[in-house]
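Worth saying up front: this structure is predicted, and the values here are computed from it rather than measured. We number each residue from 1, following the sequence as shown. Counting starts at 1 for both ligands and their atoms, in listed order.
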Amino acid sequence: MARVLSGIQPTGDLHLGNYVGAIRRWAEQQAPNHFFCIVDLHAMTVPYEADELRQGTRELATWLLAAGLDPRTATVFVQSHVREHTELAWILQCVASYGELHRMTQFKEKGEGKQGVSAGLLTYPVLQAADILLYQADEVPIGADQRQHLELSRTIAERFNHRFGETFTVPTPTFPTAGARVMDLQHADRKMSKSLPESGTLLLSDTEKATEKKIKRAVTDSGTEIRAGDDKPGITNLLDLLSAVTGEDIPTLEQRYAGAGYGTFKGEVAEAVNAFLRPVRDRRAELADEPGTVEQALHEGADRARAVAAETMAAVRDAVGLLR
Ligand code: TYM
């Protein structure tokens, strides 16, 4: 059975892009050799508040359980609880090149033109490679924005294996059929993200009313037709979302809404998104009364993750010539 690992930054809440791009599949396909990591160390690469990081990590863990990750099946853990992540990241930093890190799109986007950019932002993708390679992951379920980071992880694994002997599994990314790249509802040319203003980002913590309002106010395109196409980024995004939450393909949806106005269409998208998120939101509310559940899951998760990570690290230390 394929070994799976994926990760998410602890920004506290989930948005619909995270959910349909990655987390829903984590939950649907979970198995005992699947590892899901809350990457708190990655969140330190840009300015942040210590209390918010702590709080965000707990919050996110709660949402992951609400989304259906079952700690009795899969391993859910916090990156910083397993020290091997930083240890391996250092070794892989000596395998990755400065040039390839400097060319990464995310580094350019988050770093360009900013004062005091951290060295951690540059080496961010190497820590991500360490997350994946430590668990010898065969598959990494992610959204489309992580494609370049995964390419680098593969390059690093191959280069390491070539230089030091077969040590790492070379991971393969997997993407959802719909919702791989959910766009912001106010700016259809930017991916939905927690760092953009709230009105274009659908949060799982939003009320159903707020969700409906955001979808009804989503930017649309000129014309009245409900169809997907490069000239209609707003409607295309809503069709993709509807496809992701209903499981119906886009041609079927285009046919159903042929002749319907934007208003009717958006109303139905809102209803479908709310229906889709209802069980997760309800479970999140229940978990608020059982804080011990989350703590226990993270504790056991770290133990299980550590056992695997330690085994890989022992092999890596030998391979690269560190004295036992
Ligand atoms: P992060 O925290 O930004 O996002 C978590 C997951 O959600 C997906 N995603 C989206 N999918 C579709 N549409 C969107 N608008 C959207 N926004 C986010 C992401 O693709 C991701 O799958 N660098 C990673 C975290 C990470 C990681 C790892 C991932 C660290 N180590 C190891 C995989 C394996 C990140 O910042 O994801």
Side-chain angles (χ1 to χ4, degrees), residues 3-27 34-46 53 56-57 59-61 63-64 67 69 77-80 82 85-86 88-89 92 104-107 109-110 120-121 123-154 156-157 169 171-196 200-204 237 240-241 243-245 305 309:
R3 177 79 67 83
V4 167
L5 177 127
S6 200
I8 179 166
Q9 295 206 52
T11 34
D13 206 343
L14 292 175
H15 59 71
L16 195 61
N18 297 138
Y19 189 56
V20 300
I23 285 124
R24 173 171 48 158
R25 280 180 304 144
W26 300 1
H34 292 195
F35 295 82
F36 301 107
C37 183
I38 299 177
V39 296
D40 51 351
L41 300 170
H42 277 110
M44 298 170 67
T45 55
V46 291
L53 178 57
T57 302
E59 256 305 296
L60 180 63
W63 275 109
L64 293 181
L69 284 179
F77 69 103
V78 176
Q79 185 185 37
S80 66
V82 183
H85 289 248
T86 40
L88 181 58
L92 298 182
M104 288 278 126
T105 313
Q106 177 184 280
F107 178 68
E109 280 173 3
K110 289 195 182 170
L121 191 65
T123 57
Y124 179 115
V126 183
L127 180 58
Q128 180 160 348
D131 298 340
I132 298 166
L133 303 186
L134 259 186
Y135 298 88
Q136 306 287 4
D138 301 292
E139 287 176 16
V140 185
I142 44 172
D145 62 323
Q146 294 300 313
R147 189 184 287 276
Q148 194 185 36
H149 285 161
L150 251 290
E151 265 315 307
L152 183 70
S153 294
R154 290 172 56 87
I156 291 175
T169 303
T172 305
T174 66
F175 304 96
T177 40
R181 190 174 176 82
V182 177
M183 307 309 279
D184 187 88
L185 296 179
Q186 292 300 319
H187 304 274
D189 57 336
R190 293 194 284 188
K191 71 173 180 191
M192 186 175 283
S193 141
K194 275 292 287 287
S195 52
L196 285 173
T201 305
L202 292 171
L203 298 176
L204 268 65
N237 190 32
D240 183 46
L241 259 186
S243 171
V245 304

Exercise for review: Please identify which atoms of ligand 1 are closer than 4.0 Å to at least one heavy atom of Gly143.
Suggested key: 11 (N), 19 (C), 20 (O), 22 (O)
Exercise for review: Kindly indicate whether the side chain of Thr201, heavy atoms from C-beta on, has any atom under 4.5 Å from the side chain of Asp184.
Suggested key: yes
Check your understanding: Are Phe175 and Arg147 side-chain neighbours, meaning at least one heavy-atom pair lies under 4.5 Å?
Key -> yes
Practice item. Closest by any non-hydrogen atom to atom 19 (C) of ligand 1: pick that one out of Ile132, Asp145, Leu14. Key: Asp145
Review point. Which protein heavy atom lies closest to atom 25 (C) of ligand 1, and at what distance to 0.1 Å?
Key: Gly7 O, 3.8 Å
Check your understanding: Strictly by modelled atom types, are Asp40 and Thr57 linked by a side-chain donor-acceptor pair under 3.5 Å?
Key -> no
Point to revise | Which atom of Val39 lies closest to which atom of Gly7, heavy atoms considered | key: CG1-CA, 4.4 Å
Review point. Which ligand 1 atoms does Ala180 reach within 4.0 Å, using its non-hydrogen atoms?
Key: 11 (N), 12 (C), 13 (N)
**Study point:** Any side-chain heavy-atom pair of Gln128 and Leu150 under 4.5 Å
**Key:** yes
Revision key, fill the gap. heavy-atom search around atom 7 (O) of ligand 1 in the protein gives Asn18 ND2, 3.2 Å
Review point. Among protein heavy atoms, which sits nearest to atom 13 (N) of ligand 1, and what does the distance come to when rounded to 0.1 Å?
Key: Val182 N, 2.8 Å
Practice item. Answer yes or no: does an N/O atom from Ile8 fall short of 3.5 Å to an N/O atom of ligand 1? Key: no
Point to revise | Ser6 and Arg25: side chain donor to acceptor below 3.5 Å | key: no
Exercise for review: Just need the protein heavy atom nearest to atom 2 (O) of ligand 1, so name the residue and atom and give the distance.
Suggested key: Gln9 N, 2.8 Å
Revision key, fill the gap. min-distance protein heavy atom vs atom 10 (C) of ligand 1 -> Gly17 O, 3.4 Å
**Study point:** Which residue and heavy atom of the protein sit nearest atom 37 (O) of ligand 1, plus the separation
**Key:** Gln146 NE2, 3.8 Å
Review point. Touching ligand 1 at all, Tyr124? Heavy atoms, strictly under 4.0 Å?
Key: yes
Study note, to complete from the structure: Quick note on ligand 1: atoms under 4.0 Å from a heavy atom of Ile142 include exactly 22 (O), 33 (C)
Review point. So, for Arg3 and Tyr135, which heavy atoms are closest and what is the spacing to 0.1 Å?
Key: NH1-O, 2.6 Å
Exercise for review: If you have a sec, work out which protein heavy atom is nearest atom 28 (C) of ligand 1 and how many Å separate them, to one decimal?
Suggested key: Gln128 CG, 3.4 Å
Point to revise | Check: His15 and Leu202 side chains under 4.5 Å, non-hydrogen atoms | key: no
**Study point:** Ring center gap for His149 and Phe107 short of 6.0 angstrom
**Key:** no
Point to revise | Subset of ligand 1 atoms that lie under 4.0 Å from at least one heavy atom of Gly21 | key: 11 (N), 12 (C)
Point to revise | Min side-chain heavy-atom separation Met104-Leu152 under 4.5 Å | key: yes
**Study point:** Close-contact set for ligand 1 against Arg181 heavy atoms, below 4.0 Å
**Key:** 12 (C), 13 (N)
Exercise for review: Find all atoms of ligand 1 within a distance of less than 4.0 Å from any non-hydrogen atom belonging to Asp131, and give their numbers and elements.
Suggested key: 28 (C), 30 (C), 31 (N)
Exercise for review: Kindly confirm or rule out an N or O of Met192 lying under 3.5 angstrom from an N or O of ligand 1.
Suggested key: yes
Review point. Where is the nearest protein heavy atom to atom 17 (N) of ligand 1: which residue, which atom, and how far?
Key: His15 CE1, 3.4 Å
Review point. Looking at CD1 of Ile142 and CD1 of Ile8, how far apart are the two atoms once the value is rounded to the nearest 0.5 Å?
Key: 13.0 Å
Revision key, fill the gap. Ligand 1 to Gly179, heavy atom cutoff 4.0 Å, flagged ligand atoms 12 (C)
Check your understanding: Can you list the atoms of ligand 1 that are under 4.0 Å from a heavy atom of Leu5?
Key -> 32 (C), 34 (C)
**Study point:** Closest non-hydrogen atom pair, Ala244 against Arg24
**Key:** O-NH2, 2.7 Å
